[in-house]
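We number each residue from 1, following the sequence as shown. Order of appearance sets the numbers: ligands from 1, and atoms from 1 within every ligand.
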Amino acid sequence: MDLGLKGRLALVTGGDSGIGFRTAQRLLQEGARVALSDMEPDALDAAVETLRKSGDVRGFPADLTDSTQVDALQQTVSTEMGDPDIVVSAAGITGPTGFFHDLNEEDWRKVLDVNFLTALRVAQAFIPAMRRKKWGRVVFIASEDAVQPYIDELPYCASKAALLSLSKGLSSTYGPDGITVNCVSPAFIETPMTDAMMEKRAKRDGVDIDTAVRTFIEKERPMMTVKRRGRPEEVADAIAWLVSETATFTTGTVLRVDGGSVGTMV
Ligand code: NAD
């Protein structure tokens with residue numbers, strides 16, 4: 001299926017790793033141009049170098065918790081590549097974990113800042129040009145945790161639930177301008193984020209990583225019917241469709257890529 005992405009310009013945040021990286025690669029393969037953003041200039045350069053064989057990609061380092069850097073990102077991307085038609089907001093962290101009574105306000109601020117406010121800032125910076133063009137696609141990466149909170153990571157869960165609400169609201173606000181806004185909700189995808197979780201678990205239980213993955217699914221994610229970690233390219237495929245020319249009537253929705261982890265249909 002031709003996704004109609006040739007020549008479109010996409011900004012991908014959290015782009016040098018995991019889901020963001022694979023999404024950038026997928027969009028390049030579809031003929032889109034990509035402005036890749038992440039925090040660490042060296043890691044970003046390495047990612048751009050790898051992606052260059054797939055198409056026109058340039059790196060733009062920014063810490064998205066700093067609104068000045070988000071504004072600078074918008075200016076620089078606009079000057080060097082043009083105004084993005086597509087924004088995929090994949091920057092995120094697991095952040096502090098632990099039960100509610102073990103976490104303090106700073107723990108909450110940190111996770112909400114990185115997982116929710118970075119997406120908000122990027123939307124604020126990049127939607128105005130989409131409105132002028134009367135075409136745009138915005139995708140936030142939420143999580144199964146948004147609708148199925150796990151009690152030892154409530155800040156993460158709440159930050160992802162906030163993204164669902166924001167995307168629904170923005171889809172209503174900007175639908176008349178030809179802009180769609182959606183979320184993708186993955187669960188347990190094989191990226192550095194869950195590598196770190198599994199390394200911690202393997203160390204705690206004195207087992208290897210494969211065993212840690214297996215017992216995590218058995219004990220913590222019993223509803224996952226696909227008994228393995230998801231692959232970042234499986235998430236990238238869903239995102240590529242949502243930002244495509246063919247997804248014109250799909251907005252304000254959430255597309256789960258979670259191996260069945262969320263236990264309800266809606
Ligand atoms: P990852 O750690 O591989 O990638 C996250 C990227 O975000 C990193 O490259 C990191 O540098 C970047 N980032 C963090 N803070 C930033 C900041 N302040 N400014 C700019 N960039 C920043 O993780 P991933 O698994 O690819 O996660 C991508 C997104 O998907 C995240 O939002 C995550 O919460 C979400 N998600 C992941 C999973 C999973 O199982 N891996 C499941 C559900 C949702």
Does either side chain, that of [X] or that of [Y], offer a donor lying less than 3.5 Å from an acceptor on the other one?
{"X": "Gln29", "Y": "Arg26", "value": "no"}
{"X": "Ser78", "Y": "Asp83", "value": "yes"}
{"X": "Asp208", "Y": "Thr211", "value": "yes"}
{"X": "Glu153", "Y": "Thr97", "value": "no"}

### Message
For Val114, state whether at least one heavy atom is located under 4.0 Å from any atom of ligand 1.
### Response
yes
At a non-hydrogen distance cut-off of under 4.0 Å, which region of [X] contacts ligand 1 (side chain, backbone, both, or neither)?
{"X": "Asp63", "result": "both"}
{"X": "Ala142", "result": "backbone"}
{"X": "Asp16", "result": "side chain"}
{"X": "Lys160", "result": "side chain"}
{"X": "Ala62", "result": "backbone"}
{"X": "Phe21", "result": "neither"}
{"X": "Ile19", "result": "both"}

Identity and distance of the protein heavy atom lying nearest [atom]:
{"atom": "atom 1 (P) of ligand 1", "answer": "Ser17 OG, 3.6 Å"}
{"atom": "atom 9 (O) of ligand 1", "answer": "Asp38 OD2, 2.6 Å"}
{"atom": "atom 29 (C) of ligand 1", "answer": "Ala90 O, 3.1 Å"}
{"atom": "atom 24 (P) of ligand 1", "answer": "Thr191 OG1, 3.6 Å"}
{"atom": "atom 6 (C) of ligand 1", "answer": "Gly14 CA, 3.7 Å"}
{"atom": "atom 43 (C) of ligand 1", "answer": "Pro186 O, 3.3 Å"}

### Task
Please report the shortest heavy-atom distance between Ser171 and Val181, naming the atom on each side.
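Here Ser171 and Val181 meet closest at CB-O, 3.7 Å.
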### Query
Is the count of non-hydrogen atoms from other residues, nucleotides or ligands lying under 6.0 Å from Arg228 atom CZ greater than 12?
yes
### Ring centre gap for Tyr156 and Tyr150 strictly below 6.0 Å
no
### Phe116 side chain reached by Phe140 side chain, heavy atoms, under 4.5 Å
no
### Task
Flag this pair as yes if the NZ/CZ of Arg131 is under 6.0 angstrom from the six-membered ring centre of Trp135 and inside a 45 degree cone about the axis; otherwise no.
no
